[in-house]
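Comments concern the structure below.
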Amino acid sequence: MRRALLYIVGLAIVVVLTGWFITAPAPISAAALPDHEPDLANGEIMFYAGGCASCHSAPDAKDDDKLKLGGGRELKTDFGTFRVPNISPDPETGMGGWSTIDFVNAVMHGVSPGGAHYYPAFPFSSYIRMKVEDVIDMKAFIDTLPPVSNQVADHDLGFPFNIRRGVGVWKLLHLSPEPALTIADASEEVLRGQYLAEGPGHCGECHTPRDAMGGLKLAQWFAGAPDPEGPGINPNITPHADGLAWSESEIVDTFITGFTPDFDTLGGTMSLVQWNLSRLPETDVRAIAAYLKAVPALPDAVVAKAADEVQDY
Ligand code: HEC
Ligand code: HEC
């Protein structure tokens with residue numbers, strides 16, 4: 001009896017220690033960074049492709065004020081409220097003083113300079129698909145933006161989501177630098193679009209449904225998903241009858257102007273995405289449109305709610 005008890009206690013200790021070990025944050029070391037001279041023009045492209053301003057600018061920021069990355073937006077989710085931090089180059093309350101490796105580990109691996117996990121509300125699980133050189137360039141560009149002094153309050157999350165270590169389990173299941181799709185005979189243009197959309201653009205974070213463990217269902221890539229912040233639907237954008245009926249050039253025009261072929265405007269969170277897309281070189285917008293035409297056509301993953309159930313933005 002006593003032996004059995006000791007055995008169970010011993011086993012429990014092993015399970016806990018193993019769990020603690022495998023959920024440990026895994027940052028990379030500065031020595032692993034490539035020798036790379038930052039390219040500001042490319043950094044600017046990566047910044048807009050990455051949509052950083054959509055979350056990190058002040059809640060009501062318009063136009064140039066969106067380049068003030070003082071944070072403060074609240075992201076309301078089922079787990080609680082996330083408050084987006086200040087990543088402006090302010091030395092006290094922002095990211096001033098961060099080294100390149102601090103930034104690379106945060107953006108690509110979801111690990112803080114202090115060695116803690118970030119929550120995947122910060123879409124590093126898409127940014128991990130980026131080339132590290134592009135991330136280094138992006139930091140150089142962000143360093144040129146105005147510093148903003150703004151101390152952002154902590155997140156407001158319920159138990160057990162307030163325990164950052166738990167994110168380690170999520171990362172084990174979902175964090176991978178592999179592309180989401182394998183597209184046969186993809187042209188250079190489609191590959192560029194795939195890189196921009198699956199990596200920095202993090203389109204899948206909104207347009208792909210998630211499984212019970214919070215991971216994106218790759219088999220339903222872009223087939224539409226519930227909006228985590230509201231009652232609406234993030235639409236199916238695959239080339240299926242349920243999805244996007246627009247031609248490639250109509251997609252390009254919509255991303256550049258914000259006006260859709262059906263004389264509507266891109267609304268909701270997509271208007272923030274469009275603000276970023278309209279600042280990319282046109283060749284990159286075309287590449288994203290070409291990729292959208294090359295993804296597998298899939299029926300809607302979720303059924304849209306009736307119009308009167310959907311809240312207007
Ligand atoms: C969907 C919203 C969203 C987008 C888009 C986003 N972030 Fe964040 N970011 C967050 C949230 C939320 C956190 C806080 C995560 C945490 O505390 O675990 C965060 C944290 C960070 C941090 C850590 C800051 C600190 O003080 O520790 C950095 C650096 C960062 N983001 C950079 C970026 C960059 C660069 C981009 C664009 C490539 C970006 N983020 C895009 C939501 C976002
Ligand atoms: C933060 C969530 C979010 C992200 C990230 C996002 N989208 Fe969207 N997208 C939406 C929402 C919400 C709509 C619906 C907008 C509306 O109703 O006007 C939408 C609409 C669209 C539409 C129009 C669909 C239609 O039938 O009207 C296209 C095309 C699109 N998104 C493509 C993209 C691409 C490409 C990316 C990545 C570069 C992307 N989205 C990233 C939320 C997002």
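Keep in mind that this is a model prediction, so the values were computed, not measured. Each ligand, and each atom within it, is numbered from 1 in the order the structure gives. For the single chain, residues carry numbers from 1 onward in sequence order.
Set against the non-hydrogen atoms of Leu244, the atoms of ligand 2 under 4.0 Å away are 24 (C), 25 (C), 26 (O), 29 (C). Listed by atom number, the atoms of ligand 2 under 4.0 Å from Thr269 heavy atoms are 1 (C), 2 (C), 12 (C), 42 (C). Per-residue contacts place Met95 under 4.0 angstrom from the following atoms of ligand 1 (heavy atoms of the residue considered): 29 (C). Contact atoms of ligand 2 toward Thr265: 18 (O) (distance under 4.0 Å to a heavy atom of the residue). Taking every heavy atom of Asn234 and a limit of under 4.0 angstrom, the matching atoms of ligand 2 come to 11 (C), 12 (C), 42 (C). Annotation for ligand 2: atoms under 4.0 Å from non-hydrogen atoms of Leu266 are 18 (O), 23 (C). Proximity to His202 (heavy-atom distance under 4.0 Å) selects the following atoms of ligand 1: 5 (C). Numbered from 1 in the order shown, with element, the atoms of ligand 1 that lie under 4.0 Å from a heavy atom of Gly51 read 5 (C). Atom numbering of ligand 1 starts at 1 in the shown order; those under 4.0 Å from a heavy atom of Phe103 are 35 (C).
Contacts between Glu205 and ligand 2 below 4.0 angstrom, taking non-hydrogen atoms only, are absent altogether. Counting heavy atoms closer than 4.0 Å to ligand 1, residue Trp98 contributes side-chain atoms (C-beta onward) but none from N, CA, C or O. Contacts between Asn236 and ligand 2 below 4.0 angstrom, taking non-hydrogen atoms only, are absent altogether.
Remark: distances from the non-hydrogen atoms of Tyr291 to ligand 2 are all 4.0 Å or more. Within the 4.0 Å heavy-atom cutoff, Ala121 counts among the residues contacting ligand 1. By the 4.0 Å heavy-atom criterion, Gly268 is excluded from the residues contacting ligand 2. Residue Thr260 places every heavy atom at 4.0 Å or more from ligand 2. Distances from ligand 2 to the non-hydrogen atoms of Thr254 include no value under 4.0 Å. Residue-ligand proximity: Asp227 is placed with every non-hydrogen atom at 4.0 Å or more from ligand 2. Distances shorter than 4.0 angstrom occur between a heavy atom of Ile142 and an atom of ligand 1. In this structure, Ile251 has no heavy atom closer than 4.0 Å to ligand 2. The closest approach between any non-hydrogen atom of Ala197 and ligand 2 is not below 4.0 Å. The shortest heavy-atom distance from Arg73 to ligand 1 is not under 4.0 Å. Phe47 does not count as a contact of ligand 1, since none of its heavy atoms falls under 4.0 Å from the ligand.
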Practice problem: Output, in order, the C-alpha distance, side-chain angles, deciding distance and verdict of side-chain hydrogen bond (donor to acceptor under 3.5 Å, both in side chains) for Ser125 and Glu205. | Solution: CA-CA 9 Å; Ser125 54; Glu205 304 268 348; 3.2 Å; yes

Practice problem: Any chance you could lay out the side-chain hydrogen bond (donor to acceptor under 3.5 Å, both in side chains) test for Ser57 and Arg73, step after step, and finish with the verdict? | Solution: CA-CA 7 Å; Ser57 61; Arg73 276 179 203 258; 3.0 Å; yes

Quiz prompt | Derivation and outcome, salt bridge (Lys or Arg N to Asp or Glu O under 4.0 Å), residues Asp65 and Lys62 | solution = CA-CA 5 Å; Asp65 279 346; Lys62 299 252 170 345; over 6 Å; no

Practice problem: Please lay out, stage by stage, how Asn236 and Asp242 fare under the test side-chain hydrogen bond (donor to acceptor under 3.5 Å, both in side chains). | Solution: CA-CA 7 Å; Asn236 180 342; Asp242 287 354; 4.8 Å; no

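Under a 3.5 Å cut-off, the side chain of Lys293 and the backbone N or O of Val190 do not form any donor-acceptor pair. In this structure a side-chain-to-backbone donor-acceptor pair under 3.5 Å is missing from Arg164 to Ala116. A donor-acceptor pair is defined here as one N or O able to donate and one able to accept, closer than 3.5 Å; no such pair exists between the side chain of Thr238 and the backbone of Ala297.
Among the atoms of Met270, an N, O or S atom falls under 2.8 Å from atom 8 (Fe) of ligand 2.
Distances from atom 1 (C) of ligand 2 to the heavy atoms of Cys206, Gly267, Gly224, Gly232 put Cys206 nearest. The residue among His117, Met138, Met130, His155 with a heavy atom at the shortest distance from atom 17 (O) of ligand 1 is His155.
If you look at atom 8 (Fe) of ligand 1, the protein N, O or S atoms less than 2.8 Å from it are His56 NE2.
Here Ser149 contributes atom OG and Asn86 contributes atom CG; the two are 7.5 Å apart, rounded to the nearest 0.5 Å. Considering CD1 of Ile101 and CG of Asn105, their distance stands at 4.5 Å, rounded to 0.5 Å. Once rounded to the nearest 0.5 Å, the distance linking OG1 of Thr283 with CZ of Arg192 reads 7.5 Å. To the nearest 0.5 angstrom, Glu248 atom CD is 12.0 Å from Ile288 atom CD1. The line from CG of Leu280 to CZ of Phe255 is 10.5 Å long, rounded to the nearest 0.5 Å. Expressed to the nearest 0.5 Å, how far CG of Leu196 lies from CG of Leu191 amounts to 11.0 Å.
Qualifying side chain to side chain donor-acceptor pair (under 3.5 Å) partners for Glu198, counting only residues two or more places apart in sequence or in other chains: Gln194, Tyr291.
No N or O atom of Pro235 sits closer than 3.5 Å to an N or O atom of ligand 2. Checked against a 3.5 angstrom limit, the closest N/O atoms of His207 and ligand 2 fall inside it.
By the 6.0 Å contact criterion, CG on Asp262 is enclosed, its count of non-hydrogen atoms from other residues, nucleotides or ligands being greater than 12. The neighbour count for Asp64 CG, taken as heavy atoms of other residues, nucleotides or ligands under 6.0 Å away, does not exceed 12.
Sorted by first and then second residue, the ring pair (Phe, Tyr, Trp, His ring centres under 6.0 Å) pairs with a member in residues 23-60 read Phe47-Phe141, Tyr48-Trp275; sequence neighbours excluded. Applying the ring pair (Phe, Tyr, Trp, His ring centres under 6.0 Å) definition to pairs two or more places apart or across chains, those involving residues 167-207 are Tyr127-His202, Trp170-His174.
Here the side chains of Ile28 and His109 are in contact, with some heavy-atom distance below 4.5 Å.
Nearest non-hydrogen protein atom to atom 41 (C) of ligand 1 is Tyr127 OH, 3.2 Å.
No close placement of the Phe124 and Tyr118 rings is indicated, their centers lying 6.0 Å or farther apart.
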